[in-house]
Amino acid sequence: MQERGPAHGVRPRRPGGGQAAQAGRRAEGTDRGAHRARRPDPERSADQGPGREAAAVGVPPRRGSGTPDLPLLIPGPPGGPTQRGSMADDKALTTRAADFSAWYNEVIARAQLADYSPVRGCMVIRPNGYAIWEQMQQALDRMFKDTGHQNAYFPLFIPQSFLAREAEHVEGFAPETAVVTIGGGKVLEEPLVVRPTSETIIYAMYAKWIQSWRDLPLLINQWANVVRWEMRTRLFLRTTEFLWQEGHTAHATEEEAEAETLMILGIYRRFAEEWMAMPVLTGRKSDGEKFAGALRTYAIEALMQDNKALQAGTSHNLGQNFAKAFDVTFQTADGGLGHVWNTSWGVSTRLVGGLIMTHSDDVGLVCPPRLAQYQVVIVPIYRKDEERVAVIEAAERLQQTLRAANIRVHLDARDGLKPGAKYYEWESKGAPFRLELGPRDLAAEQVMLARRTGGKEPIPMAGIGDRIHVEIDAMQQALLGAAVARREAGTIRGATREQLVEAMNGAGGFVYGGWCGDATCENDIKDQTKATIRVLPDEEFRSDPAPTRCIWCNRDAVTEAVWAKAY
RNA sequence: CGGGGCGUAGCGUAGCCUGGUAGCGCGCCUGCUUCGGGAGCAGGAGGUCGCCGGUUCAAAUCCGGCCGCCCCGACCA
């Protein structure tokens with residue numbers, strides 16, 4: 001899948017592909033059904049199906065949603081016309097079990113996160129989706145600033161010749177760049193590439209800015225859009241244009257650059273876990289999967305509910321490749337001249353897709369409270385006019401109270417919609433908490449708290465700000481815990497070749513095994529199973545005992561690897 | 001680029017075979033009654049039937065060409 005870090009560019013050398021791969025694919029398609037029921041549903045613990053939720057609230061399950069026992073992780077019937085789900089006359093979404101892809105698209109449409117653009121492959125990020133991205137930006141930006149980075153902005157257009165300066169880099173990106181050849185009605189002397197990533201333009205500038213070791217390290221990040229001409233696109237996961245941050249640093253020594261690369265990887269991991277409640281594996285990419293132009297690429301990898309992996313962020317040690325290509329030199333303390341050591345790292349709006357596929361259920365979006373646009377939505381309940389006045393007034397006071405407690409809150413005071421309709425709407429939009437406020441609650445000085453993940457109970461008005469903060473922390477933890485459990489259920493360690501093949505033909509998931517380090521095995525596995533090495537896991541994630549044999553060729557293993565089919 | 005499918009109101013669709021008033025559901029607007037889990041009634045607005053051409057008294061419908069979209073491949077990851 002594609003790297004959405006600056007990493008993005010990871011451009012594996014094209015393996016032979018061909019007949020074997022096609023045959024394998026065909027086989028997978030036809031006997032997929034046979035593997036379906038095999039695996040226990042790893043989903044159960046991770047998610048409150050609508051049935052479960054409904055039960056907790058004491059309401060009969062809605063039609064089409066009461067099938068919590070179907071295993072997920074199953075793509076829909078191959079080639080079937082499944083995604084025509086008529087959301088108009090059926091209020092339930094296509095279920096994850098029935099068709100994960102269709103479900104994903106419908107969650108986005110229902111929650112109004114994004115819409116298709118008139119330009120093929122491009123996406124309009126709607127306010128609800130952009131709000132999540134803004135929360136992500138704020139959290140990440142804080143972490144970057146706290147570690148000494150500054151923001152800057154480099155231009156969208158890059159002289160075409162710049163891309164060519166680094167051999168691997170140009171090979172990786174040339175096929176997917178958009179190129180401007182006309183400006184102001186005149187054919188340009190040199191075509192301009194719309195940046196697919198900014199290494200070249202940035203290091204060209206660094207060459208001007210860096211003279212002495214005293215100018216190092218240079219730690220810059222930019223928030224920007226980039227364009228990659230993808231053939232097949234999916235909302236948030238892979239679009240022609242997307243938003244991201246790309247950090248670019250220059251250091252005096254290789255050790256410093258490596259430390260920076262790993263430090264950022266740690267930030268990405270922390271962000272994924274603490275803010276997105278999305279557990280990730282960290283590790284290094286194989287040479288075949290690394291960024292075009294990097295020495296080493298590290299990544300965070302998450303497992304989605306359909307048991308496919310998502311590369312959620314990448315951090316590269318670029319060595320001196322770009323420094324040499326762009327002549328970024330500096331005078332050392334002892335008077336010598338050296339090339340700087342660079343890193344680059346990024347995460348993109350793809351994270352929003354990861355968020356959706358990690359937590360959401362058959363009712364719609366589930367958003368961890370720390371990233372939710374509205375952590376709390378207040379729904380007023382009333383019949384008569386007098387009640388309305390009193391309830392709305394109390395709801396506004398409640399809103400002020402929560403705001404004062406630093407909670408993002410929205411009062412849904414729309415008239416003409418019954419409360420139930422609002423409940424469903426905010427559930428599909430992923431609001432973590434709903435506070436229902438009616439005459440009975442006013443009398444009792446309480447409010448009904450309903451959690452998006454299930455459960456509803458009255459809580460006292462007094463001290464409600466503190467209570468909500470406790471609830472936010474609890475839900476954040478619960479979502480992470482459930483996602484970890486789901487990932488573990490979808491993981492096989494110490495797998496044999498047969499287990500790898502079987503897993504990739506069926507349920508998917510992370511498969512750990514030994515690897516001889518030979519690209520031939522890597523490519524054969526990819527051709528025959530569609531699985532790629534997601535990471536060579538960091539120590540914390542490695543198996544004990546370590547595998548000693550290559551999962552494919554049975555020669556001595558030089559490392560452990562994690563395979564999965566990826567987005 | 002190859003194989004398959006589809007273009008009719010914002011969304012989902014019927015009508016096409018057998019040419020003759022463009023219909024339904026959801027959504028939207030107005031009003032009244034409603035409101036503790038997807039409200040009801042009444043009245044409304046909204047359509048170059050993808051585009052161009054042909055046949056015909058008459059084309060959403062038949063014929064030809066083109067365009068676009070989706071799926072499976074290829075490509076990419």
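Any value given below was found using the heavy atoms of this structure, including those in side chains, with hydrogens, waters and symmetry copies removed.
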Worksheet item: For RNA chain B, what is the dot-bracket line, given that a base pair needs Watson-Crick (N1 to N3, plus N6-O4 or O6-N4) or G-U wobble (N1-O2 and O6-N3) geometry with both distances under 3.5 Å, and | means paired with another strand?
Response: ((((((((.[[[[.)....(..]]]].((((((.....)))))).....[[[[[..)....]]]]])))))))....
Practice prompt. Indicate whether any N or O donor in one side chain lies under 3.5 Å from an N or O acceptor in the other, for R195(A) and T197(A).
Written response: no
Worksheet item: So, H316(A) and T297(A): side-chain donor and acceptor under 3.5 Å apart, yes or no?
Response: yes
Response to the item:
Residues passing the side chain to side chain donor-acceptor pair (under 3.5 Å) test with T261(A), sequence neighbours excluded, are none
Discussion item. Under the rule for side chain to side chain donor-acceptor pair (under 3.5 Å), what residues qualify as partners of N128(A), not counting sequence neighbours?
Written reply: Q373(A)
Worksheet item: Is any side-chain N or O of E427(A) under 3.5 Å from a base N or O of G37(B), one able to act as donor and the other as acceptor?
Response: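 Between G37(B) and E427(A), which were checked side chain against base, a qualifying N/O pair under 3.5 Å is present.
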Practice prompt. Answer with yes or no whether R434(A) presents, from its side chain, a donor or acceptor under 3.5 Å of a partner atom in the base of G37(B).
Written response: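 Yes, a donor-acceptor pair under 3.5 Å.
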Fill in: Y424(A)-G38(B) aromatic stacking (under 5.5 Å, under 30°)
yes
Worksheet item: OP1, OP2 of G36(B) versus side-chain N and O of K418(A): anything below 4.0 Å?
Response: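 For K418(A), the contact criterion (side-chain N or O under 4.0 Å from OP1 or OP2 of G36(B)) is met.
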Item to complete: Give the nucleotide from the list G38(B), C76(B), U34(B) with an atom nearest to the side chain of R238(A).
Response: C76(B)
Name the atoms and distances for all side-chain donor-acceptor pairs under 3.5 Å in residues 380-395 of chain A, with sequence neighbours left out.
residue : atom : partner : partner atom : Å
Y382(A) : OH   : D415(A) : OD1          : 3.1
E387(A) : OE1  : R383(A) : N            : 2.7
E387(A) : OE1  : K384(A) : N            : 3.3

Fill in: Partners passing ring-ring contact (aromatic ring centres under 6.0 Å, His included) against F162(A) (at least two apart in sequence or in another chain)
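For F162(A) the ring-ring contact (aromatic ring centres under 6.0 Å, His included) partners, ignoring immediate neighbours, are F326(A).
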Discussion item. Let's see if you get this right: which residues in residues 375-388 of chain A place a heavy atom under 4.0 Å from RNA chain B?
Written reply: I381(A), Y382(A), R383(A)
